[in-house]
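Only one structure is covered here, and it is reproduced in the block below.
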Number of protein chains: 2
Amino acid sequence: MATETVENYIKALYALCRESPSGEAGVARLAQELGVTKGTATSMIKRLSLARLVKAEPYSGIALTAKGNKIALDVMRRHRVIETFLVRILKLDWADVHEEAERLEHALSPRILDRLDHFLGRPSTDPHGDPIPDAAGNVSEARSKPLAKCRARERVCIVRIKDQNRAFLKFAADSGFMPGVNLVVQSVSPQAASLIVRAARRKPVTLSQIAAAKILVKVI
Amino acid sequence: MATETVENYIKALYALCRESPSGEAGVARLAQELGVTKGTATSMIKRLSLARLVKAEPYSGIALTAKGNKIALDVMRRHRVIETFLVRILKLDWADVHEEAERLEHALSPRILDRLDHFLGRPSTDPHGDPIPDAAGNVSEARSKPLAKCRARERVCIVRIKDQNRAFLKFAADSGFMPGVNLVVQSVSPQAASLIVRAARRKPVTLSQIAAAKILVKVI
DNA sequence: CAAAAAAGTTTGACTACTCAAACTTTAATT
DNA sequence: AATTAAAGTTTGAGTAGTCAAACTTTTTTG
Ligand SMILES: [Mn+2]
Ligand SMILES: [Mn+2]
Ligand SMILES: [Mn+2]
Ligand SMILES: [Mn+2]
């Protein structure tokens, strides 16, 4: 079994590889993500490489192996099932569950994970709309586009919030932006790099393109 | 926050102090309980002593300080609330939950613990009848006596099984011995150091005094 | 392209935890 | 009381994870 630290590194690497166009992660960002020094991250990469969880050459990019990928998906599955449980059953705040799940994800046995997943009715997404990989590691991401790419007068439905930051999630919830909520794009201002959207029975909200890029929607 | 290892040592020390007539624990038993060598246990005791969690003189007994006691009760609370959740909600096997809780108990934040406890209706005992300390650390142990001390023809109710061992719990459950179950002591044989008891709608079972000592009952 | 900045690596040191094996002290037996 | 067994301690070594700081390589930019 991978240690808690290793699981955190692997999960961070997975996310970094996803969001990088080259599909490879770098030591600096990895270290930043995990709150450690670059030297620490380098030595961990060396160990992960030795354990065949990542492929990495000195001074070049880092990529997960199939083995590493499997671990990443498994940790993400645990993380998201826990978040779902915390919100749906224990009624914890939507904005807080990420940090709580960050610790719990390492303590869940396969048996408990499956029971929990079954108890929740095999959910396909977590409370933020993030897809939950199934037990075999298959992820089915719903088709969607960033709210930032929408045109004026478009009517859309929020499917996912791509930011785990508590402050942003708090803001999103306060503004009524949660998965399943319908929005109307009132206007788009390319010059100001912002757009105005409105949820049902809500005041219009102005969002920067940066914020709007974190909100994934589907057209309705 | 105390580390996972420290929490396990403290919890083991609590149990050992309880069951020792002197109220003090020894290094040899502690090491055995945790599956480490005596040397490892000795060095940990030195560290716990430095952190004021135990009081210990070289070559003499070990006792928890008030601070150590508080940690022990807190870990036990987490452990038992989790066990209750696993049995009542996730329907895990009564005999398996102890080992599962052993890992989870270290990953539960105060917030989640309280939510879980609330969700379960503030249970006062876990599935094995072990009392659950409240948030302030108060434990209310129900009056009881070991089944081994019962006389022939006594009618009693099981309140607690004092053994976490999976094989024993499996045997107990198979024989119908669980908290809340009523028993009739059919006969007692001091020579054979055994007794025969019967639960409702069950065949009589012969128990050695050693096994019967692990089953706490109250007279009805 | 040369200088500066950023990214990545190495080294030496530290904490937490562990073991094996030698050793010392205390307790139990003969 | 002397011997032996059990309990407890010490030492030396090893793994996992971390930092600070010096260093090297790559990338960016004037
Ligand atoms: Mn984590
Ligand atoms: Mn999430
Ligand atoms: Mn434990
Ligand atoms: Mn229990």
Side-chain angles (χ1 to χ4, degrees), chain A residues 1-13 15-17 19-64 68 71 75 102-103 105-107, chain B residues 1-13 15-17 19-64 68 71 75 102-103 105-107:
Chain A
M1 246 292 106
T3 174
E4 176 162 346
T5 307
V6 166
E7 285 189 345
N8 284 334
Y9 274 87
I10 294 285
K11 199 171 55 146
L13 283 168
L16 290 175
C17 290
E19 74 183 45
S20 138
S22 68
E24 294 193 325
V27 167
R29 276 295 311 281
L30 177 64
Q32 189 208 324
E33 213 67 34
L34 293 163
V36 298
T37 63
K38 289 178 295 171
T40 299
T42 296
S43 74
M44 178 56 90
I45 290 301
K46 226 178 294 179
R47 276 163 47 205
L48 295 179
S49 188
L50 215 75
R52 310 274 152 192
L53 300 178
V54 307
K55 212 171 96 314
E57 236 59 52
Y59 292 102
S60 97
I62 308 153
L64 288 175
I71 292 175
V75 179
E102 204 55 51
R103 273 171 304 103
E105 65 189 358
H106 310 289
Chain B
M1 243 294 108
T3 175
E4 177 163 345
T5 309
V6 166
E7 286 190 345
N8 284 334
Y9 274 88
I10 294 286
K11 200 171 55 144
L13 282 167
L16 290 176
C17 290
E19 73 183 46
S20 134
S22 68
E24 294 192 325
V27 167
R29 276 297 309 280
L30 178 63
Q32 188 207 322
E33 213 67 34
L34 293 163
V36 298
T37 62
K38 289 177 296 170
T40 299
T42 296
S43 74
M44 178 55 91
I45 289 302
K46 227 179 291 178
R47 275 163 49 206
L48 295 178
S49 187
L50 215 75
R52 308 275 152 195
L53 299 178
V54 308
K55 210 170 100 306
E57 236 59 52
Y59 291 102
S60 98
I62 309 154
L64 288 176
I71 292 175
V75 179
E102 204 56 50
R103 273 170 304 103
E105 65 188 357
H106 310 289

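Chain letters run A, B, ... following the sequence lines, proteins first and then strands; every chain starts at 1.
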Do B:K11 and B:E102 pass the side chain to side chain contact (heavy atoms under 4.5 Å, CB included) test, and can you show the C-alpha distance, the side-chain angles, and the key distance before you say yes or no? CA-CA 11 Å; B:K11 200 171 55 144; B:E102 204 56 50; 2.8 Å; yes
Show, in sequence, the C-alpha distance, side-chain angles and deciding distance for A:V6 and A:M44, and conclude whether the side chain to side chain contact (heavy atoms under 4.5 Å, CB included) test is met. CA-CA 8 Å; A:V6 166; A:M44 178 56 90; 4.3 Å; yes
Go through A:I10 and A:V75 one step at a time and tell me if the side chain to side chain contact (heavy atoms under 4.5 Å, CB included) criterion holds. CA-CA 9 Å; A:I10 294 285; A:V75 179; 6.0 Å; no
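Within 4.0 Å of B:T42, counting heavy atoms only, lies at least one base atom of the nucleic acid. Within the nucleic acid shown, A:G35 comes within 4.0 Å of sugar-phosphate atoms alone, with no base atom in reach, counting heavy atoms only.
In this structure, the CG atom of B:L53 is 12 Å from the P atom of C:dA16, given to the nearest Å. Spacing between atom NZ of B:K46 and atom C1' of D:dT10 amounts to 7 Å, rounded to whole angstrom units. Taking atom CD of A:E24 as the reference point, atom C1' of D:dT27 lies 16 Å away to the nearest angstrom. We find that CD1 of B:I45 is positioned 16 Å from P of C:dA16, with the value rounded to whole Å. Distance, A:M44 CE to D:dC19 C1': 14 Å, rounded to whole Å. One can place CZ of A:R29 at 15 Å from P of C:dA6, the figure rounded to the nearest angstrom. Taking atom CG on B:L16 and atom P on D:dG8, their separation rounds to 11 Å, with Å as the unit. Nucleotide C:dT24 holds its P atom 21 Å from the CD atom of B:E57, rounded to whole Å.
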Please write out the pairs of protein N or O atoms and N or O atoms of nucleotides 4-6 of chain D separated by less than 3.5 Å, giving the distance to one decimal.
none

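Summary of the strand contacts: B:G26 and A:S43 both lie near DNA chain D, and taking for each the nucleotide with the nearest heavy atom, the more 5' one is attributed to B:G26.
Counting only residues at least two apart or in different chains, salt bridge (Lys or Arg N to Asp or Glu O under 4.0 Å) contacts with residues 52-62 of chain A are absent.
Not counting sequence neighbours, B:S49 has no partner by the side chain to side chain donor-acceptor pair (under 3.5 Å) test. Applying the side chain to side chain donor-acceptor pair (under 3.5 Å) criterion to A:S20, with sequence neighbours excluded, gives A:S22. B:E24 is linked by a side chain to side chain donor-acceptor pair (under 3.5 Å) to nothing, counting only residues two or more places apart in sequence or in another chain.
Distances from the side chain of A:T3 to the nucleotides D:dA7, D:dT18, D:dA16 place D:dA16 closest.
In this structure, B:L13 and B:L53 have side chains that are not in contact, with every pair of non-hydrogen atoms separated by 4.5 Å or more.
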Nucleotides 20-26 of chain D: protein proximity per nucleotide (B base, S sugar-phosphate only, - neither; heavy atom, under 4.0 Å): S---BSS
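Closest approach of A:I62 to A:C17, counting heavy atoms only: O-SG, 3.6 Å.
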